[in-house]
2 protein chains.
Amino acid sequence: MDHSALFQKFVAFTADLHEVSHELTRGVKSEDVTPVQYKILEYMMVSQPVTPSEIADCVDLSLPNTSRELRKLMEKGLCEKATDDADRRRQLFRLSTDGQAMMGRVFAQAQQGFEQRIAGLTEDELKEVEAALELLQRKVFQ
Amino acid sequence: MDHSALFQKFVAFTADLHEVSHELTRGVKSEDVTPVQYKILEYMMVSQPVTPSEIADCVDLSLPNTSRELRKLMEKGLCEKATDDADRRRQLFRLSTDGQAMMGRVFAQAQQGFEQRIAGLTEDELKEVEAALELLQRKVFQ
DNA sequence: CCATTTACTTATCTTTTGATAACAAAAAGG
DNA sequence: CCTTTTTGTTATCAAAAGATAAGTAAATGG
């Protein structure tokens, strides 16, 4: 198989997915968070609680800037901080009730957009989609 | 099929792909362009020539800000401007020789990273990957 | 103990990005 | 023609994000 052609398809695919996911989360701008702050909240949504170091790693932010954004998120009442009892240097951050609610709304809206996209598919086609997602993750993303 | 479960998988998939593509284009930071400028160059790479309006639409930038970034890219010698003869209001932008060369390097590096990821796959598996990409584009991205 | 390392914070400054107003030139359409 | 619309530019200001220096407190490891 021609690896270059496959790479081209991968690039086009990536561009398309990026556009779709951007469209699905478009509504977030109405809420009062910046893009970087949203990325932090999204990360908290999937792995809670998290330390500033973990966030800095995964969101690709310096530790001082992570600290600043976390402070802003706390001021907005979207997340909470607690000291780790096992290691009192570590700070554990999690979404507050409001933060959970907000991210819940965002995900619900994204899911609704996703549902519309797959609305016309049959059961068999849905299974194909699921299989394709799993195959790409397994073979390409590792 | 459970649509919520499928959506969860889609979210995880999107996050993974985002991470991979970020890793593949990591080396661009060494070149002297900002993230927004890189997006413009990437867009020019796939569709040339482009007008400021088209860029503004696709890269999600206001027209004044697009104009500013295009000026910076021209100052850096990465793209060129020419007036459309058919409609002299329209400005046609394309990559300069340097710009082509730079994006060529970026794509070559990304392709190299991609090759490593698929290095262990058999011919049949590569065909599966290609089929999965096409299926998702057809059924979900439209 | 005590020096060193780790985890985080605060403060400050620069760069990048976003938003808006005002303008110019070409085209479109009576 | 002459008004209106389209396309793009320039200028300016504010907000967001990046970078770096300096400092604190807790843990680690002789």
Side-chain angles (χ1 to χ4, degrees), chain A residues 18 22 25-44 47-76 78-94 102, chain B residues 18 22 25-44 47-76 78-94 102:
Chain A
H18 188 267
H22 180 264
T25 57
R26 192 157 27 92
V28 192
K29 295 173 197 104
S30 62
E31 316 262 0
D32 179 35
V33 290
T34 69
V36 169
Q37 285 165 11
Y38 173 75
K39 275 167 72 179
I40 293 176
L41 294 177
E42 205 174 49
Y43 179 53
M44 280 186 190
S47 75
Q48 250 173 352
V50 287
T51 67
S53 299
E54 289 166 345
I55 297 172
D57 266 2
C58 294
V59 182
D60 202 29
L61 218 52
S62 72
L63 204 47
N65 291 339
T66 303
S67 189
R68 175 185 62 198
E69 298 308 321
L70 284 171
R71 179 174 50 73
K72 290 180 182 171
L73 286 173
M74 294 213 315
E75 284 167 6
K76 292 174 183 177
L78 295 172
C79 72
E80 295 166 345
K81 175 166 137 177
T83 300
D84 183 357
D85 285 332
D87 181 344
R88 293 173 45 72
R89 288 170 306 181
R90 286 160 47 93
Q91 303 298 314
L92 303 177
F93 285 86
R94 40 173 55 87
M102 171 188 150
Chain B
H18 189 269
H22 181 264
T25 56
R26 191 156 28 90
V28 193
K29 294 173 199 104
S30 62
E31 317 263 359
D32 178 34
V33 289
T34 69
V36 169
Q37 286 165 11
Y38 174 75
K39 274 167 74 178
I40 293 176
L41 294 177
E42 204 172 50
Y43 178 53
M44 281 187 191
S47 76
Q48 249 172 352
V50 287
T51 67
S53 300
E54 289 167 345
I55 296 171
D57 267 3
C58 294
V59 182
D60 203 31
L61 219 52
S62 72
L63 204 46
N65 291 337
T66 302
S67 189
R68 175 185 61 199
E69 298 307 321
L70 283 171
R71 179 175 47 73
K72 289 181 184 172
L73 286 172
M74 294 213 316
E75 284 166 5
K76 291 174 183 177
L78 295 172
C79 72
E80 295 165 346
K81 175 167 136 177
T83 301
D84 184 356
D85 285 331
D87 181 343
R88 293 173 47 71
R89 287 170 303 182
R90 285 160 47 92
Q91 302 299 314
L92 303 176
F93 285 85
R94 41 172 54 86
M102 172 187 150

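Protein chains get the first letters and strands the later ones, always in sequence-line order, with residue 1 at the start of each. Owing to the predicted nature of the structure, the values given are computational and were not obtained by experimental measurement.
- With A:Arg90 as reference, A:Asp84 is the one residue of A:Thr51, A:Asp85, A:Asp84 to meet the side-chain hydrogen bond (donor to acceptor under 3.5 Å, both in side chains) rule.
- Nearer to the 5' terminus of DNA chain C, by closest-nucleotide assignment, is the contact made by A:Leu92 (compared with the other of A:Leu92 and B:Arg89).
- Note: CD (A:Glu69) to C1' (C:dT10) measures 14 Å, nearest angstrom.
- Whole-Å rounding puts the A:Arg71 CZ to C:dT12 C1' distance at 13 Å.
- The nearest whole Å value for the distance from the CZ atom in B:Arg68 to the C1' atom in D:dT12 is 11 Å.
- Straight-line distance from the CG atom of A:Asp85 to the C1' atom of C:dA7: 16 Å, rounded to whole Å.
- Within the structure, a side-chain polar atom (N or O) of A:Thr34 is placed less than 4.0 Å from OP1 or OP2 of D:dA17.
- Counting atom types as modelled, B:Arg90 pairs no side-chain N or O with a base atom of D:dT7 as donor and acceptor under 3.5 Å.
- Base engagement by A:Asn65 is indicated by at least one non-hydrogen atom pair under 4.0 Å involving a base atom.
- The distance from atom CD of B:Glu75 to atom P of D:dT10 is 10 Å, rounded to the nearest whole Å.
- Residue A:Tyr38 contributes atom OH, which lies 21 Å from atom P of C:dT17 at whole-angstrom precision.
- For B:Arg88, the CZ atom is loosely surrounded, since the number of other residues' heavy atoms within 6.0 Å does not exceed 12.
- Remark: side-chain polar atoms of B:Thr66 are paired, donor with acceptor, to backbone N or O of B:Ser62 under 3.5 angstrom.
- Here the closest heavy-atom approach between residue B:Glu69 and residue B:Thr34 is recorded as OE1-OG1, 4.4 Å.
- Closest non-hydrogen pair, A:Val33 versus A:Lys76, comes out as CA-NZ, 4.0 Å.
- Note: CG (B:Leu61) to P (C:dA19) measures 9 Å, nearest angstrom.
- Between B:Lys81 and D:dT9, a side-chain N or O to OP1/OP2 separation shorter than 4.0 Å is present.
- Among the atoms of the strands shown, only primed sugar atoms or phosphate atoms (P, OP1, OP2) are found under 4.0 Å from some heavy atom of B:Thr51.
- Residue contacts shown for A:Pro35 are limited to sugar-phosphate atoms, with no base heavy atom under 4.0 Å away.
- Among the nucleotides C:dC8, D:dA11, C:dT10, the one closest to any side-chain atom of A:Gln91 is C:dC8.
- For the pair A:Leu63 CG and C:dT6 P, the computed distance is 13 Å after rounding to whole Å.
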